Participant: 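Next up is a structure, given as structure tokens.
Every value quoted in this text rests on a predicted model; they were computed, and no experiment measured them. Lettering follows sequence order; numbering is per chain, from 1.
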Number of protein chains: 4
Amino acid sequence: MSNDLHAIRDAVRTFVDERDWDQFHTPKNLACALSVEVAELLEHFQWLQAGQREELGEAKLEQVRHEMADVMVYLVRIADKLDVDLGAAVIEKMALNRAKYPADMVRGDARKYHEYKDRGINP
Amino acid sequence: MSNDLHAIRDAVRTFVDERDWDQFHTPKNLACALSVEVAELLEHFQWLQAGQREELGEAKLEQVRHEMADVMVYLVRIADKLDVDLGAAVIEKMALNRAKYPADMVRGDARKYHEYKDRGINP
Amino acid sequence: MSNDLHAIRDAVRTFVDERDWDQFHTPKNLACALSVEVAELLEHFQWLQAGQREELGEAKLEQVRHEMADVMVYLVRIADKLDVDLGAAVIEKMALNRAKYPADMVRGDARKYHEYKDRGINP
Amino acid sequence: MSNDLHAIRDAVRTFVDERDWDQFHTPKNLACALSVEVAELLEHFQWLQAGQREELGEAKLEQVRHEMADVMVYLVRIADKLDVDLGAAVIEKMALNRAKYPADMVRGDARKYHEYKDRGINP
């Protein structure tokens, strides 16, 4: 239940309406707020050497969980304000990504599609 | 089905494994990638005057949908690598937010909790 | 004197060396830290309606000044670690920008270069 | 000459005025644009393993130089629109940082000030 994007959207909607905050929620303002939350998430990782979970410690991981929740809430809220079905958008985008990065061609390589093309790897 | 966070997590996992990209997916690297995707989303809004949906136009809105999907995919992926249940984290964080911003106190006001406190509005 | 980028670079270098923090200053970590500071700057503007100076108030403006200083410090530090001459890079990039956005063609229009091209405005 | 922040400010001002772009340059919009440019810088580092200069390669380093110039230009522009003297702000903030992170106390340690305090290391 809690994993359903529509249920999260509805819970966020109720939270916002109860506070009369919809007036502040232009998609642009929400995109700014999303950027800020993502940076608060990144902040926990900025000086880690390997960048792995183990380096965080339990207290930090708890904060990271909350930052991730904030990111999710703003993302779901932007989607709501733009009438975007997030789940459908993900399915569509992943199909595009599968076509753009064929598994046989990119296996184990992190360069981006256009870089492949630049280097003549793509037909 | 497509709105289920666990289903999205599994689809992303398959995509990554087919490409042997897990080796690049430290939580730190994924947090960087998430920041980059969020900025690509923000880019569409940066010069809009009111920041509303109508100013985007259909072609831009389509790009925005795809950027939002990218943000979701990286967020779900970080959660997977950190063993975080995103849906549970959202429920938990929203309960904290309800306590932090009581509807009666903050209605129609966008200042942050600590600003209320600073101004003696909180007990 | 205080407006000289080399002087700022040297002051930052001394600050870092006195604390033995150079070991943390990979360009990647610094780019993360820069992102975080820029988000702290953006945070002050996220809910502003017009986004103008007047909406900030003096106390906020003081915080904004400090965030801008942090952004500058990290930018200068990345440049130092990458042996980039920031002043020279700016001159070079602005020459490219003048060629990319000819004043006669783009006056009063915020669309990006590629969008002009897409719409056949460029030759 | 090219390292002087006031000279850069003036050059950016001229560039903007020639294009009649000042109308788009609210501090908020510029803070958004700054975020976007910083993310374009971060993008070059996101998958690097050690995050060091050597991993970039010359072509990437050239792009990184240009992204850094863009960041500088927007930062200088925000300062101009907010009547902030960037050089003076940096000197002031660095004095605060020296007081906040005394060299003797923090040498070789990347934890933040408040974390020291939390752990009772500060008086």
Participant: Within a reach of under 6.0 Å around CD of D:E62, are more than 12 heavy atoms found that belong to other residues, nucleotides or ligands?
Facilitator: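 Check passes, neighbour count above 12.
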Participant: Is D:E92 in contact with chain C via its backbone, its side chain, both, or neither, using a 4.5 Å heavy-atom distance?
Facilitator: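 Side chain only.
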Participant: Using the test salt bridge (charged side-chain N to carboxylate O under 4.0 Å, His left out), find all partners of C:R19 that sit at least two apart in sequence or belong to another chain.
Facilitator: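 C:R19 satisfies salt bridge (charged side-chain N to carboxylate O under 4.0 Å, His left out) with no residue once adjacent residues are dropped.
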Participant: Side chain, backbone, both or neither: which part of D:Q23 has a heavy atom under 4.5 Å from chain C?
Facilitator: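 It is the side chain, since no backbone atom gets that close.
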Participant: Please classify the contact between D:V64 and chain C as side chain, backbone, both or neither, with a heavy-atom cut-off of under 4.5 Å.
Facilitator: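 When you check distances to chain C, only side chain atoms of D:V64 fall under 4.5 Å.
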Participant: Among D:V76, D:D85, D:D70, which residue has the highest count of heavy-atom pairs closer than 4.5 Å to chain C?
Facilitator: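 It is D:D70.
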Participant: Out of D:K28, D:H6, D:E18, return the one with the most heavy atom pairs under 4.5 angstrom to chain C.
Facilitator: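 Highest number of heavy-atom pairs under 4.5 Å: D:K28.
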Participant: Side chain, backbone, both or neither: which part of C:L75 has a non-hydrogen atom closer than 4.5 Å to chain D?
Facilitator: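 For C:L75, backbone and side chain are both near chain D.
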Participant: Is chain D contacted by the side chain of C:I78, its backbone, both, or neither, given a heavy-atom distance below 4.5 Å?
Facilitator: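 The answer is both parts of C:I78.
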Participant: Non-hydrogen atoms of chain D under 4.5 Å away: do they reach the side chain of C:E54, the backbone, both or neither?
Facilitator: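 Neither the backbone nor the side chain of C:E54 comes within 4.5 Å of chain D.
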Participant: Looking only at heavy atoms and a cut-off of under 4.5 Å, which of C:A69, C:A31, C:G108 has the most pairs with chain D?
Facilitator: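 Looking at each of C:A69, C:A31, C:G108 in turn, C:G108 comes out on top.
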Participant: Using non-hydrogen atoms only, which part of D:L34 is less than 4.5 Å away from chain C: side chain, backbone, both, or neither?
Facilitator: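 Backbone plus side chain of D:L34, per the 4.5 Å heavy-atom cut-off to chain C.
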Participant: Tell me, for C:A79 versus chain D, whether the close heavy atoms (under 4.5 Å) come from the side chain, the backbone, both or neither.
Facilitator: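 Contact with chain D involves both backbone and side-chain atoms of C:A79.
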Participant: Looking only at heavy atoms and a cut-off of under 4.5 Å, which of D:A88, D:A39, D:P27 has the most pairs with chain C?
Facilitator: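 If we count pairs closer than 4.5 Å to chain C, D:P27 comes out on top.
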Participant: Which atoms of D:L86 come close to chain C, meaning under 4.5 Å heavy atom to heavy atom: side chain ones, backbone ones, both, or neither?
Facilitator: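 Contact with chain C: side chain only.
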Participant: For C:V84, which atoms come within 4.5 Å of any heavy atom of chain D: side chain, backbone, both, or neither?
Facilitator: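 Contact with chain D: side chain only.
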Participant: By salt bridge (charged side-chain N to carboxylate O under 4.0 Å, His left out), which residues pair with D:D22, not counting sequence neighbours?
Facilitator: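 Testing D:D22 for salt bridge (charged side-chain N to carboxylate O under 4.0 Å, His left out), a comparison that skips the adjacent residues, returns D:R77, D:K81.
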Participant: Where does C:L82 contact chain D at under 4.5 Å (heavy atoms): side chain, backbone, both or neither?
Facilitator: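 Both parts, backbone and side chain.
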